[in-house]
Colleague: 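Let me begin by handing over the structure; questions about it come next.
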Amino acid sequence: MLSDAERERYSRQIRLFAEEGQERLKKKIVFIAGAGGLGSVISLYMAASGFGRIRIADCDSVDLSNLNRQILHGSLDLGRSKAQSALETLSDINPEGEIEALQEKISAENINALVQGCDMIMDAMDNFPARYLLNHAALERRIPLFHGAISGFQGQATTILPGRTACLRCIFPRAPPAQESPALGSTCGVIGSIQVNEAIKFALGRGELLKNRLLLWDGLSSTLEEVSCEKSMSCMECGSI
Amino acid sequence: MQIYMPDGSRVELAAKDRLIEEILKELKINSEEVIVTLNGRIVAEEETAGGSDELKIFRIVHGG
């Protein structure tokens, strides 16, 4: 049941998907892996749109070189933990939601605890080994993983529904070589927004998800290309599901 | 066979069938850094392409 304040806050969304839709968002518990460039966009829009409970994890502190794109954090947060900064920003954006911010590095040891009780996982990581942990956790729990990644003007996104679509390993069987990517806030904005849009549609049960479709954004040509992918029966992660 | 490179340029290769792995080697592309689509569908390096197939090579991005 929405309060009067929530009805007012979400009035423009309620026009779109009625109070019933808004209540669906309120019931969702979300895990956001990372509070960097993608994590900033994802968490801000998820908090603002009324996802009921957000758990966000990041092990880093805010550095000056983050501030071109990581809009969860500001100049006054330099040197502070991103988790603490995220907690304060998101609580301010929407005090109606419940925010849990954890200063933790995502690992094989803590991933189960981090995603415990969550309905969906948002990929805002900056490396594939960590993404494979998210993929594994999503498959084990049969919850969706909303994948996104960026580099410079380029980005990609897809939605993984365990057992029903290609998983991250089907699409990317091997991790690309580790390297520090150039990063642009506007690319994070495009890809993070697509991920949140997918999560909203999933929560509402409306629209067409990015199932077995990888979207590739090229900001230099302003083109969005779609390529199809499929679940691999020989996939080491999801082949048996 | 038409090949679209990660930078958007196009390359025409002889139409004979061969492994995508070999095509990437010939183009001096590290297969770990890219995904390849064959007529719009992501394929593994072990698959073959030829004839009038259209290959597109995309660099995988991994930042966040």
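Just so you know, these numbers use all the heavy atoms, side chains as well, and skip hydrogens, waters and symmetry mates. Protein chains get the first letters and strands the later ones, always in sequence-line order, with residue 1 at the start of each. Since the structure is predicted, the reported quantities are computational estimates derived from the model, not experimental observations.
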Colleague: So which heavy atom on A/P177 is nearest to which on B/H62, and how close?
Modeller: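 Heavy-atom minimum between the residues: O-NE2, 3.5 Å.
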Colleague: Find the distance between CG (A/N212) and CD1 (B/I42) and round it off to the nearest 0.5 Å.
Modeller: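 Answer rounded to 0.5 Å: 9.5 Å.
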Colleague: How long is the straight-line distance from CZ of B/R59 back to CD of A/Q154, given to the nearest 0.5 Å?
Modeller: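 Result: 9.5 Å between the selected atoms.
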Colleague: For A/E180, I'd like to know if atom CD has over 12 heavy atoms of other residues, nucleotides or ligands within 6.0 Å.
Modeller: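 Result for CD/A/E180: open.
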Colleague: Can you see which heavy atom on B/G63 is nearest to which on A/R131, and at what distance?
Modeller: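 Shortest heavy-atom separation between B/G63 and A/R131 comes out as O-NH2, 3.2 Å.
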Colleague: Looking at B/V61, B/V34, B/N30, which one has more heavy-atom pairs under 4.5 Å with chain A than the rest?
Modeller: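 Looking at each option in turn, the highest pair count goes to B/V61.
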Colleague: In terms of heavy-atom proximity below 4.5 Å to chain B, should A/A183 be classed as side chain, backbone, both, or neither?
Modeller: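 Neither part, no heavy atoms under 4.5 Å.
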Colleague: Tell me whether A/F128 at atom CZ has more than 12 heavy atoms from other residues, nucleotides or ligands lying less than 6.0 Å away.
Modeller: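 Count over threshold, so yes.
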Colleague: Need one label for A/S228: side chain, backbone, both or neither, based on atoms under 4.5 Å from any heavy atom in chain B.
Modeller: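 Both parts, heavy atoms under 4.5 Å.
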Colleague: Can you tell me how far CG of A/L216 sits from CD1 of B/I35, rounded to the nearest 0.5 angstrom?
Modeller: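 Here the rounded value is 5.5 Å.
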Colleague: Nearest 0.5 Å, please: how far is CZ in B/F58 from CD in A/E225?
Modeller: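 A/E225 atom CD to B/F58 atom CZ measures 4.0 Å (nearest 0.5 Å).
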Colleague: Using a cut-off of 6.0 Å, state whether more than 12 heavy atoms not belonging to B/R41 lie near its atom CZ.
Modeller: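 Count over threshold, so yes.
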Colleague: Are a donor atom and an acceptor atom from the side chains of B/S31 and A/R174 found within less than 3.5 Å of each other?
Modeller: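 Present: a donor and an acceptor within the cut-off.
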Colleague: Under 4.5 Å from any heavy atom of chain B, what part of A/L214 do you find: side chain, backbone, both or neither?
Modeller: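 The side chain, not the backbone.
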Colleague: For A/P176 versus B/I60, what's the shortest heavy-atom pair and its separation?
Modeller: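 Result for this residue pair: CG-CG2, 3.9 Å.
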Colleague: Considering only heavy atoms, which portion of A/E230 lies under 4.5 Å from any heavy atom of chain B: side chain, backbone, both, or neither?
Modeller: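 Just the side chain, heavy atoms under 4.5 Å.
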